[in-house]
Amino acid sequence: MRTLRPLILLFCLLTWGVAFAKLGDKPDPYEKIEDQAKAQEVFKEVQAFLKKQWGFSLTRSIKIDLVQASVMDKLMSASPYKGNEVGLYMMKDGQHQIYVMEGWNRDYCSGVTAHEYTHAWQAEHCPSGQDIVLKEGFANWIEMKYYDATGAYQFADNVRQEADPVYGVGVKTMMALEDKIGAKKLVELVQRVSTMAEVEKVLK
């Protein structure tokens, strides 16, 4: 037995070394996203995940810009959420445009990017003029699912516990819908309906 101990110890050290190497290969979730190159890197990761997981794709080009808080405030100047938003989607010059506030960690920046990318997808695949609660609720649900899939569980719980009458009510409705019809059918449904009343009928 004594002669096996050094071999066992060596095996454990090698195993741990491989495990730590794998952890080291994963981007640091606490890394602050403070430059455009990092924001683009996050965007590509999010885009690839949403395409693989939910089949999200766009026909129009899309651009992401990392902006300072003061710029975000100007962009949100007419919104009641000014000062609270860290991401924004709009159609600009015929292409999709995403703005994300700089300085947040990679996990949070990724979730916000997933949320805003979902709005771009909605613009091409869902009825125009959808209820704001339905639109934001679905984007919040995708953000939550992204956090869960990438291990950012605290951020996912924050989305689940959102109390806002638009974002919170919307995501809780989506969660109830997922429980009733499943995630795949939920994604299919939001591409057909325009109002929360239509969603409520499915939940009855």
Side-chain angles (χ1 to χ4, degrees), residues 26-54 56-58 61-92 95-124 126 132-172 174-175 187 190:
K26 182 181 178 182
D28 180 4
Y30 301 106
E31 173 190 20
K32 286 189 176 181
I33 306 302
E34 297 178 310
D35 62 71
Q36 188 63 31
K38 287 291 183 183
Q40 193 64 35
E41 182 182 300
V42 167
F43 173 73
K44 288 186 180 300
E45 291 171 2
V46 169
Q47 187 178 39
F49 174 86
L50 294 181
K51 184 173 184 177
K52 180 180 179 181
Q53 186 71 20
W54 305 109
F56 283 10
S57 62
L58 303 174
S61 60
I62 184 166
K63 186 171 182 279
I64 182 169
D65 284 321
L66 200 65
V67 298
Q68 296 178 342
S70 58
V71 175
M72 185 64 74
D73 281 346
K74 287 181 181 178
L75 291 167
M76 299 291 296
S77 60
S79 170
Y81 292 99
K82 177 186 175 183
N84 296 309
E85 291 287 0
V86 296
L88 176 67
Y89 162 79
M90 64 174 62
M91 185 70 76
K92 184 179 180 182
Q95 71 173 0
H96 302 291
Q97 173 70 58
I98 290 174
Y99 296 101
V100 178
M101 193 188 298
E102 67 180 15
W104 297 94
N105 68 40
R106 179 179 283 268
D107 269 352
Y108 189 47
C109 182
S110 297
V112 171
T113 301
H115 181 111
E116 303 306 336
Y117 186 89
T118 299
H119 286 321
W121 177 85
Q122 288 171 315
E124 292 194 9
C126 297
I132 187 66
V133 178
L134 172 57
K135 185 178 290 187
E136 294 296 350
F138 181 69
N140 248 19
W141 181 79
I142 289 291
E143 180 180 349
M144 179 193 74
K145 300 295 278 188
Y146 187 88
Y147 287 140
D148 277 333
T150 56
Y153 302 119
Q154 185 57 60
F155 286 124
D157 284 342
N158 290 345
V159 175
R160 289 186 185 93
Q161 294 167 21
E162 174 66 64
D164 182 86
V166 173
Y167 294 83
V169 170
V171 75
K172 288 176 177 60
M174 293 299 109
M175 290 162 61
V187 175
V190 298

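More than 12 non-hydrogen atoms from other residues, nucleotides or ligands lie less than 6.0 angstrom from CD of Glu41.
Taken to the nearest 0.5 Å, the CD atom of Gln40 stands 11.0 Å off from the CD atom of Glu45. Considering OG of Ser77 and CG of Leu75, their distance stands at 8.0 Å, rounded to 0.5 Å. Here the CE atom belonging to Met76 is positioned 4.5 Å from the CD atom belonging to Glu85, to the nearest 0.5 angstrom. Atoms CD and OG1, from Gln47 and Thr113 in turn, are 11.0 Å apart once rounded to the nearest 0.5 Å.
In terms of modelled atom types and a separation under 3.5 Å, the side chain of Glu162 and the main chain of Asp164 share a donor-acceptor contact. At least one donor-acceptor pair closer than 3.5 Å links the side chain of Gln122 to the backbone N or O of Lys135. Side chain of Gln36 to backbone of Ile64: a donor-acceptor contact under 3.5 angstrom is found.
Residues Tyr146 and Ser110 come closest through the heavy atom pair CE2-CB, 3.5 Å. The heavy-atom pair separating Arg106 from Ile33 by the smallest distance is CA-CG1, 3.9 Å. Across all non-hydrogen atoms, the minimal contact from Val112 to Val86 is CG2-CG2, 3.5 Å. Heavy atoms only, all atoms of each residue included: Phe56 and Val187 are closest at CE1-CG1, 4.3 Å. Considering every non-hydrogen atom in both Lys82 and Asp73, the closest pair reads CE-O, 3.8 Å. Contact record, Leu50 with Ala114: CD1-O, 4.1 Å, taken as the closest heavy-atom pair.
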Tell me, with the steps shown, if Phe49 and Tyr117 meet ring pair (Phe, Tyr, Trp, His ring centres under 6.0 Å).
CA-CA 11 Å; Phe49 174 86; Tyr117 186 89; over 10 Å; no
Step by step, would you call Ile142 with His115 a side-chain contact (heavy atoms from CB on, under 4.5 Å)?
CA-CA 6 Å; Ile142 289 291; His115 181 111; over 6 Å; no
Would Met91 and His96 count as a side-chain contact (heavy atoms from CB on, under 4.5 Å) here? Give the steps.
CA-CA 5 Å; Met91 185 70 76; His96 302 291; 3.5 Å; yes
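Considering only heavy atoms from C-beta on, Glu143 stays 4.5 Å or farther from Thr118 through its side chain. Side-chain contact between Met174 and Val190: present, with at least one pair of heavy atoms (C-beta onward) separated by less than 4.5 Å. Contact of the Gln53 side chain with the Lys145 side chain is not registered, since no non-hydrogen atoms from C-beta on lie closer than 4.5 Å. Side-chain contact between Phe155 and Asn105 is present, with heavy atoms from C-beta onward closer than 4.5 Å. Side-chain contact between Lys63 and Lys92 is absent, with no heavy-atom pair separated by less than 4.5 Å. Residues Trp121 and Cys126 meet the side-chain proximity criterion, which asks for heavy atoms closer than 4.5 Å. Between Met90 and His119, every side-chain heavy-atom pair lies at or beyond the 4.5 Å cut-off.
Below 30°, between 30° and 60°, or above 60°: for Tyr81 and Tyr167 the angle between ring planes is above 60°, a perpendicular geometry. Between Tyr108 and Trp104, the two ring planes are perpendicular [angle over 60°; tilted spans 30° to 60°].
Residues Arg160 and Asp157 are paired through a salt bridge, judged by an N-O separation under 4.0 Å between the basic side chain and the carboxylate. The pair Glu102-Lys38 fails the salt-bridge criterion, with no side-chain N (NZ, NE, NH1 or NH2) lying under 4.0 Å from an Asp/Glu carboxylate O.
One side chain, Gln154 or Asn158, offers a donor N or O that lies under 3.5 Å from an acceptor on the other.
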